[in-house]
Amino acid sequence: GQQVMQIPQYQHVQEGEDFTTYCNSSTTLSNIQWYKQRPGGHPVFLIQLVKSGEVKKQKRLTFQFGEAKKNSSLHITATQTTDVGTYFCAGPGITSGTYKYIFGTGTRLKVLA
Amino acid sequence: GAGVSQTPSNKVTEKGKYVELRCDPISGHTALYWYRQSLGQGPEFLIYFQGTGAADDSGLPNDRFFAVRPEGSVSTLKIQRTERGDSAVYLCASSLGLAGGSGELFFGEGSRLTVL
């Protein structure tokens, strides 16, 4: 079945350093979503990418969708303690017109002040 | 309320008991999802409803798990003969689904199930 993997599994950075997480799907995706889950919280939607090679920015966050639409990345510039949490990518597994979103394994980010 | 509501927030039960978890989605959201999340893991897909019908239940682990959404709004996840391995946070999410929108999933706070 469809698998979505993320690396690294964990990342500890000093506040002010950059951070990147990579997402790879075993199948081509029609779109990809990114979510952030704070410790003890629930996943919260960040963004959706649809087009091949698409790049979107949200303040210090830059999201990219690969040309083959099988991988994606999230880059955070100058991390802050508020960036702490686990970042998940999610892709739709389209089977007979349904849209179940398969979540990646996640990257847990810890920011050291 | 404005968000996805899940009850109970915490449920402790004994092995072999029956459990029901309820999800009240955002009004107007036609799509509803159930996920299961174990500690340190990503959300694991269980079932997806579009309206009243289960459009995809391929993630349900076995026949002890069943979910309904009889009127296309509130959904109930039912677990029979609970096992210790069922212990996890059960997350519900809703979206506009085929009604449009970005496909963004709005998650509830989850129901933490502990099977002793």
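Chain naming here is simple, since letters A, B, ... match the order of the sequence lines and numbering starts at 1 in each.
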Does A/F45 have its ring centroid less than 6.0 Å away from the ring centroid of B/F106?
no
Need one label for A/Q9: side chain, backbone, both or neither, based on atoms under 4.5 Å from any heavy atom in chain B.
neither
Non-hydrogen atoms of [X] and [Y] that approach each other most closely:
| X | Y | result |
| --- | --- | --- |
| B/Q37 | A/F88 | NE2-CZ, 3.8 Å |
| B/Y33 | A/K100 | CE2-CA, 4.0 Å |
| A/Y101 | B/Y35 | O-OH, 2.6 Å |
| B/F107 | A/P43 | CD1-O, 3.4 Å |
| A/R108 | B/G40 | NH2-CA, 3.9 Å |

Between A/Q37 and B/G42 (side chain of the first, backbone of the second, donor and acceptor by atom type, cut-off under 3.5 Å), is there such a pair?
no
Examine whether an atom of B/Q41 lies under 4.5 Å from a heavy atom of chain A, and if so say whether it belongs to the side chain, the backbone or both; otherwise answer neither.
backbone
Measure the shortest side-chain to side-chain distance between A/Q33 and B/L105 over non-hydrogen atoms and say whether it is less than 4.5 angstrom.
yes
Is atom NZ of A/K56 surrounded by more than 12 heavy atoms (other residues, nucleotides or ligands) closer than 6.0 Å?
yes
Contacts of B/E44 meeting side-chain contact (heavy atoms from CB on, under 4.5 Å) (sequence neighbours excluded), chain-then-number -> B/R36
Is it possible for you to say whether A/Y22 and A/L109 belong to one hydrophobic cluster, with membership spreading through side-chain heavy-atom contacts below 4.5 Å?
no
